[in-house]
Amino acid sequence: MLTPVRVLDLEISRPLAGIGPTAAAGDDGGERTYSSALALVRLHGRPLGTLQVDLRGGAVAAGEVARQVWERLRQPIVDHLAADGVEPPDCLTQRGLAPEGPAGDPETKPACQRYDDVAFPFASVVISTHERPGPVGACIESILRADYPAFEVLVVDNAPRTAATREMVAERFGDDPRVRYLLEPTPGASAGRNCGLRAASGEVVAFLDDDVLVDRLWLRSLVLGFQAAPGVACVTGMILPAELDTQSQVWIEEFGGFDKGYEQKIFDLQEYAPPDPLYPYSVGKFGSGASAAFDPAVLRAIGGFDTALGPATPACGGEDIDVFLQIILAGYRLVYEPRSLVRHHHRREYADLRRAVRGYGVGLAAVLTKALLNPKTRADVLRRAPRGVAYFLNPASPKNEKKTSTFPRQLTLVEMGGALVGPVAYLRSRRWARTAGRTAGRAAGRAS
């Protein structure tokens, strides 16, 4: 993939435009010239796949864009139209696939967009954040634009050093009754998420990282995922890059990225268990806690998020994949729903990427160590361990196959190093979590 890469959406139910090499970039409002483009192709809002466009020769005209989309994604387009009861065309032109009839006419609205708002429950959206008022403010703004009938946004200020987040929420969203500020003195993403879970009043509770921007249909699609099968307790969504302006941002996509494909997937221990010798410990299949919704009764019943896991703990991460695993092991179902889309701001600098990759290794090993220490899952983990190590190290495995020749070997070694220290980090983190909770409690008592 050429760098930098222009990231854009391409909705083919409307007339298509050409793709040029120049576009706005970064926070300074300036323009940047791009070598290539990565277009998310959507039909009626639903992601169908991506199209990579070479821009080294200049702009690509709308007709050529349409031709490439049809060549790359003809079958998903045809399947989507068939599900809507629409006869597919012989090709895609720059006019797109706009429905016939007056704009806004309910009779011309595609079947996949005919929603009954009464069927959607009240939802709570929780964002746990730490000293990042700028990104979390942008995240909140995107949530408030969501196409969803009724929801609340709970902003959890996790162990803050300053009042910046509280002041930002009061200044920008103080007049919006949908937005609530919460303070959680115990450090760690899990403590922040559990604080939001305790305060949430929704029948569905969704969690977001503070460095994402949500799509207009994000929450609606996430909640619809609970209807995919009986017994669904968790739904995860698709996560795509908000920008690919630096080489480090491209490398995180090669490392694995966050999206898990363009087809809905259901997971459980029986009917929907994939033919994977590592399952259910191949936790990367499930999605990411950067965008995930839960049945709050189930999440509370399994104890919420493990405060010995996650950012700001010695275990560095893993709180999301652990809770996904616990839900599967408890006999519930988990759904990956690609219609629920967020854009993630990948780390721009290599040093930040290196720290993140190490954290992924530490967190994954910590989660597996927790499973190994549990008598109920110990034998299962040990039986799968040899294949798991081979999968982790094999360059041709699904985990590593996206890495190109430019992907730094150092990052692979850093992840391996993190995995090696993960077991010890988890043991340290369990002790840390007990101490951190008591310390935060005493501090809160003194403050009150």
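- At a threshold of 4.5 Å between non-hydrogen side-chain atoms, the residues Phe173 and Met168 count as touching.
- Considering only residues two or more places apart in sequence or on other chains, Ala312 meets the side-chain contact (heavy atoms from CB on, under 4.5 Å) condition with none of them.
- For Ser397, the side chain to side chain donor-acceptor pair (under 3.5 Å) test picks out Asn400, with sequence neighbours left out.
- Pairs of residues two or more places apart, or lying in two chains, never qualify as ring-ring contact (aromatic ring centres under 6.0 Å, His included) while including a residue from residues 209-229.
- The existence of a salt bridge linking Arg193 and Glu184 is excluded, since no basic side-chain nitrogen approaches an acidic carboxylate oxygen closer than 4.0 Å.
- For Tyr360, the ring pair (Phe, Tyr, Trp, His ring centres under 6.0 Å) partners two or more places apart in sequence, or in a different chain, are Phe255.
- Under the 6.0 Å distance and 45° angle rule, Lys399 counts as a cation-pi partner of Phe392.
- Note: Leu372 CG to Tyr281 OH = 10.0 Å, rounded to the nearest 0.5 Å.
- A salt bridge between Arg343 and Asp211 is absent, with no side-chain N of the basic residue lying under 4.0 Å from a carboxylate O of the acidic one.
- By the salt bridge (charged side-chain N to carboxylate O under 4.0 Å, His left out) test, Arg339 is found to be paired with Glu337, residues two or more places apart in sequence or in another chain being considered.
- Judged as a ring-ring contact (aromatic ring centres under 6.0 Å, His included), the pairs with a partner in residues 304-331 (not counting sequence neighbours) are, in order, Phe207-Phe305, Phe294-Phe305.
- Between Lys285 and Asp276, at least one side-chain N (NZ, or NE/NH1/NH2) sits under 4.0 Å from a carboxylate O, which counts as a salt bridge.
- Note on Arg333 versus Asp295: no salt bridge recorded, every NZ/NE/NH1/NH2 to OD/OE distance being 4.0 Å or above.
- With sequence neighbours left out, Arg46 forms a side chain to side chain donor-acceptor pair (under 3.5 Å) with no residue at all.
- Salt bridge present: Arg180 and Glu152 bring a charged side-chain N and a carboxylate O closer than 4.0 Å.
- Remark: Tyr350 pairs with Gln410 by the side chain to side chain donor-acceptor pair (under 3.5 Å) rule, at least two apart or across chains.
- Qualifying ring pair (Phe, Tyr, Trp, His ring centres under 6.0 Å) partners for His130, counting only residues two or more places apart in sequence or in other chains: none.
- When the ring pair (Phe, Tyr, Trp, His ring centres under 6.0 Å) test is applied to Tyr148, the partners found at least two apart in sequence or on another chain are Phe120.
- For Asn374, there are no side chain to side chain donor-acceptor pair (under 3.5 Å) partners, not counting sequence neighbours.
- Taking the ring pair (Phe, Tyr, Trp, His ring centres under 6.0 Å) definition, one finds that Tyr426 meets it with nothing, sequence neighbours left out.
- The aromatic rings of Phe407 and Trp251 sit perpendicular, their planes meeting at an angle over 60°, well past the 30° parallel limit.
- Electrostatic pairing of Arg166 and Asp157 does not count as a salt bridge here, judged by no charged N lying under 4.0 Å from a carboxylate O.
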